[in-house]
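First the proteins, then the strands, lettered A, B, ... as listed; each starts at 1.
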Amino acid sequence: MSKAETTPPPKATPPPKATPPEKTEPPAPAFEKSYVDQITNQFSDDVEVEYIKENRTRVNVKKEKIAEVAKFIKDNTPFDHAESVTGVDFPEDKEIGVVYHLGSYTDDTYSKQVLALATRVPREENPNPGNDSTKLPSLRDMFYSVEFHEREVFEMLGVYFESHPDNRRLLLPEDWADLPPLRKDFRNKGR
Amino acid sequence: MGTATGIIKALNSGIKHLAVKRFTLRYPEQKLKFVGDGYQFDPASGVAIAGLKGRHMLFHDHCTGCQLCSIACEGVAEAIAMVKVPDTWGQNKKAIMPQIDYGKCVFCGLCVDACPFYALYMSNDYELSSFTKEGLIYTPAQLQVKPQVQQDSELIIDKRGARHG
Amino acid sequence: MSVIAPKFRLGYFLKAIFDNAFWILTLVTLAGIPAIQIALFFMPLPVIDGELLTAFLAFTWLFNPAMQIPLIKTLLYSDLFRIAAFPGFGFAALIAAGTIFVERKMLAKLQLRVGPFYCGKIEGILQLAGDGLKLISKEIIIPAKADKPLFWAAPVLFVGTAAAFVALIPVAPGGWVVADLDVGLLAVFAVIGFFPIITILSAWSANSKFPFIGGIRALHQMVSFEIPLILSLLGVVILTGTLNLSEIVESQSNFPWIIFMPIGAIVFFTTMLAELERIPFDLPEAESEIVAGWLTEFSGMMYGLVQLGSYLKLYAFAALFVIIFLGGWTGPVFWPPLDTELITEGVPIPNYVGDPILTVATPGLPLFDKDPNEWVLQEQGELVYTSGQLLISGVIWFVLKTVGVIFFILLPRGVFPRIRLDMLLHIGWYKLIGLAFVNIFIALGLVYAGVIGPGGIL
Amino acid sequence: MTEQVIPTKQMPPGLQVENIDDRIMTLNVGPQHPGSGHMRIIVKIDGDYIVDADPDPGYVHRGEEKMAESRNYITNIPHLERPVIHDSCNILYPYVLGVEDLVGIEVPERAKYVRVITAELNRCIYIQYWLAIYGIFLGHSTMFMWPAGDRELLIDLMEKITGARVTHAYFIPGGVRNDVPANFEDVCLRQVNYFEKRIKEYADIFYDNPILKARTEDTGVLSKEDAIRLGTTGSVLRASGVDYDIRVKEPYDVYDELDVHTNVLKAGDSYARSKIPWLDMLESCNIIRQALEKMPKSGSIRTKLKPNPKGGDDEVYRRVESGRGAAGCHIISKSKPEPYRLKLSVGSFRNLIALPYLLKGEKLGNMPAVYWSLNYWPVEADR
């Protein structure tokens with residue numbers, strides 16, 4: 001264990017762009033590839049397959065198309081609920097990523113599969129949650145289960161979900177007046 | 001009539017348990033017996049031995065003052081501080097040894113895992129309460145003392161239920 | 001580690017003590033002694049051995065061994081003793097304290113734990129005293145916007161009403177009851193009717209949400225369960241033809257009414273649980289829903305008083321169950337196991353001078369034995385006391401039966417979950433009232449068939 | 001309040017939210033309330049009916065996800081079990097599996113079995129605690145004391161294995177931290193058998209109790225379609241008739257070698273939701289016995305990691321079945337000793353979404369029964 005763990009995450013080394021080039025990987029599993037292909041065939045330009053691993057796939061979508069893609073997934077594939085919504089801050093790219101993990105209860109063959117639907121929104125240096133460009137369409141109409149997750153992402157990273165009817169604080173105290181805490185420029189004390 | 005039988009069954013079950021042995025461990029009189037001498041490593045094989053994660057024990061003749069325990073604790077509880085000790089041990093060039101604040105320690109045992117010289121063990125002693133905050137800070141000299149623990153009570157399971165004895 | 005207060009000075013301490021003593025002495029002299037004298041002026045004083053018992057005489061006799069027993073006996077048969085000590089408040093409070101102890105230990109046993117253990121060395125027998133001390137020493141907090149007079153009055157009224165209920169309960173043969181009314185059962189119903197009013201008043205006066213909901217629930221519960229409670233007792237009234245509780249007991253010298261009216265007993269037991277707010281009917285105090293219901297804002301000894309009142313109420317209800325369905329104090333005499341007549345009246349022995357009467361009253365109970373010469377109150381012609389032995393036997397039977405009933409009141413607490421308000425009202429209005437009517441019809445049928453009742457074959 | 005996309009349940013007649021402003025009373029149930037746990041539910045009641053319920057978690061939010069970003073993969077372990085200390089093995093499980101995927105190490109066979117046994121023991125410990133609180137929420141004090149006491153059997157066992165009573169910090173990437181003590185199999189079997197006998201006794205006094213059934217049946221009914229749409233998980237989902245258990249559907253470690261039966265009930269009411277965890281405990285005892293039988297009697301229990309393990313430039317999402325449902329862990333790694341972002345997607349948080357939906361139109365007396373039957377752990381949802 002080095003001292004590195006105690007220092008704040010260094011900014012000097014910018015990580016590669018959001019989608020690292022695919023290395024020499026084993027060929028993608030067929031079943032997973034089939035439903036990802038369904039999506040890519042429909043939205044050829046707007047989606048980008050990041051990886052297809054066993055049981056786990058990830059598709060990056062442009063933020064304008066996210067609602068459309070979600071609607072397509074909801075209607076045409078057995079994915080019926082969202083398990084988790086992760087918001088990730090990428091200060092180097094000036095972007096915030098939002099990853100929806102979709103799963104399926106109804107179809108037994110899909111019960112192992114988790115489809116990660118990822119998108120990115122612009123990030124502002126001085127965030128004003130709700131009133132700046134960090135906005136996304138809400139997926140609540142397609143996947144009702146994202147309701148609280150999206151509220152959490154809103155307060156933790158400042159991503160405003162348009163058409164979400166209940167964009168309030170969830171976990172943070174009502175008088176929180178600092179940065180959204182999961183952004184990288186919000187520092188833990190002493191770290 | 002299902003309701004009536006259900007009520008009678010529930011009452012019967014309640015009354016039946018009036019005769020079952022009580023499970024409570026009467027703590028100051030009885031003290032639970034633990035496996036082994038506490039969480040520690042076998043120096044020969046380097047494998048951890050199961051045991052209670054209680055108060056630490058420091059072997060002054062093994063400690064080299066390498067601070068690895070302190071570094072391991074930094075990410076967890078920040079309970080371990082390195083303090084100066086009299087320079088009596090040859091292997092400890094810096095003459096520093098860990099001092100543990102049990103007001104902060106969470107007893108995860110990662111410091112024991114981190115110690116490459118098997119100098120830090122955990123013992124069976126869990127009665128650490130003190131009237132002052134300072135009393136919770138154990139100096140290397142205090143950590144050296146092997147705790148005297150009288151733990152004799154065991155879990156007994158027989159026909160009339162489980163109890164401690 | 002006890003620490004002396006930092007600004008402690010012995011002079012101030014002594015001055016405070018002297019000040020207090022001065023004011024107490026002054027007040028006692030100026031107000032206390034005149035008040036006692038005025039009270040003594042109006043009080044009818046008993047006559048013992050042909051002498052009027054004055055306060056001075058009482059103090060003198062206290063140290064005279066020959067006069068102590070008559071003095072104590074006079075005290076025993078005075079109204080004050082009956083109200084404060086034996087059949088009244090003190091006896092009930094003792095049983096209530098026992099109930100709390102038994103409840104804790106029994107529930108602990110049922111739940112495989114120990115219960116109070118350390119306080120008082122023997123199985124935590126002094127735990128209740130400790131709890132009482134704690135409650136007394138606690139600060140009484142009144143909500144700022146509460147209706148203060150009502151809020152203060154509620155616990156006191158609660159205890160008072162419970163004590164009034166206790167006063168109606170006869171515990172032993174021969175008029176050992178505070179108020180021996182001809183309409184005893186009606187008086188019981190009247191007293192029970194006060195509880196919901198006190199509850200809703202205290203809930204309203206606290207000016208807080210959770211007590212309010214709790215009070216409304218208590219009102220619902222008590223009002224809707226009072227009707228089956230009254231109806232379930234009517235069967236016994238029909239069979240005995242009296243409302244006097246002592247006479248109801250005496251009517252069961254051969255068999256208790258529970259043999260003929262088990263349905264009435266079940267209905268009464270259920271409604272009793274509801275009136276007492278015990279699990280499974282503890283909705284007004286439902287902890288997980290409305291904090292502590294109408295008790296939420298009470299603190300310190302105010303809460304303690306409400307608890308005392310509710311346990312007095314528990315004793316009174318259990319005693320009422322015993323009196324009406326289980327035959328009260330009737331039962332075999334403990335020792336010697338002979339007929340009652342042998343003890344009370346005795347057998348006249350012929351051929352002896354002066355027609356002596358042989359009784360088998362146990363010696364050693366002179367305090368309770370009938371002695372017409374020294375017994376003043378009998379002259380008023382309203383009270384008839386029996387021998388000490390019958391009294392002891394009656395009280396033991398009564399307490400045994402009451403404790404048995406109390407056990408069954410306590411047991412559901414460990415066995416059943418709380419029910420819901422709509423279920424409660426459904427049970428009260430649909431099932432219990434119906435069953436109570438069935439019970440009344442059974443009683444009427446027995447009367448008209450001529451089995452029991454006035455002029456019946458039994 | 002807002003409109004629900006899901007059509008709300010039929011209100012009792014005469015109850016419309018709009019026109020009764022002067023009749024409704026707002027109750028703050030929690031965060032310091034005997035019937036709320038560490039969470040506030042803002043309940044609006046009209047008489048005895050709840051017209052609106054708004055859960056307000058966050059009272060014990062500790063920012064575990066933020067803390068994890070500044071600690072390395074090993075020192076995260078004692079922290080990440082803090083959200084559910086009663087289920088600490090299961091909440092660590094997805095994290096440990098994820099880190100193993102990132103770092104790329106294999107776990108010895110014996111360690112896998114030890115993990116399964118401790119995870120199942122921990123599930124029982126958690127459910128007993130949950131059941132105790134469910135009992136006291138319904139006013140059943142015996143059901144508070146019995147599970148809390150019988151839980152001690154397994155805590156004792158866990159203490160023998162891991163050395164701590166609740167916060168075990170036992171799993172580590174690469175295996176478990178120490179071997180089980182000698183003659184562990186016998187002791188474990190004996191205590192688990194007695195434990196199973198004890199929990200079967202709960203049936204008479206609690207689960208078959210007619211008052212409890214009348215109280216909880218047909219309250220807070222969640223249909224199968226709604227359970228899927230709301231994305232509920234664990235016992236809530238299985239009580240609504242969806243056969244989904246990650247131990248069966250996506251077996252991790254050695255669950256595919258064990259015979260795991262999924263308990264499913266169709267009713268979807270509070271009673272079914274409270275019964276599923278109890279059935280799960282019986283199933284857990286079964287699994288522990290199987291695992292004890294199949295466990296290799298000796299062997300390594302830990303693959304040594306490098307001192308400061310680093311993940312690649314990768315992300316991983318692993319999930320396990322915890323006591324409250326699926327526990328997922330999403331780790332994004334940027335070739336550092338610390339995770340770049342760590343997200344815990346926990347069962348409590350996912351089930352919370354059903355609460356306002358279920359409470360609407362219920363009676364106030366049903367609130368604790370419905371709320372706690374969601375198998376909700378406030379601290380875990382707040383993280």
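Partners of Phe137(D) by ring-ring contact (aromatic ring centres under 6.0 Å, His included), not counting sequence neighbours, listed by chain and number: Trp372(D).
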Between Arg217(C) and Leu364(D), is a side-chain contact (heavy atoms from CB on, under 4.5 Å) present by the stated rule, with each step listed? CA-CA 11 Å; Arg217(C) 283 184 176 194; Leu364(D) 181 65; 4.2 Å; yes
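Within the 4.5 angstrom heavy-atom criterion, only side-chain atoms of Leu421(C), from C-beta onward, approach chain D. Contacts between Asp282(C) and chain D at a heavy-atom distance below 4.5 Å are absent for every atom of the residue. For Ile216(C), no part lies under 4.5 angstrom from a heavy atom of chain D.
A distance of 14.5 Å separates CG in Leu138(D) from CZ in Phe416(C), rounded to the nearest 0.5 Å. Atom CZ of Arg198(D) is separated from atom CG of Leu112(C) by 5.0 Å, given to the nearest 0.5 angstrom. Taken from CE in Met143(D) to CD in Gln111(C), the straight-line distance is 11.0 Å, to the nearest 0.5 Å. We find the CZ-OG1 distance between Arg413(C) and Thr142(D) to be 9.0 Å, quoted to the nearest 0.5 Å. The line from CG of Leu107(C) to CE of Met145(D) is 8.0 Å long, rounded to the nearest 0.5 Å. With rounding to the nearest 0.5 Å, the separation of CZ in Arg420(C) from CG in Asn366(D) is 4.0 Å.
Side-chain atoms of His140(D) come within 3.5 Å of backbone N or O of Val415(C) as a donor-acceptor pair.
The environment of NZ in Lys200(D) is sparse: at most 12 heavy-atom neighbours from other residues, nucleotides or ligands sit within 6.0 Å. At most 12 heavy atoms of other shown residues, nucleotides or ligands fall within 6.0 angstrom of atom NZ in Lys138(C).
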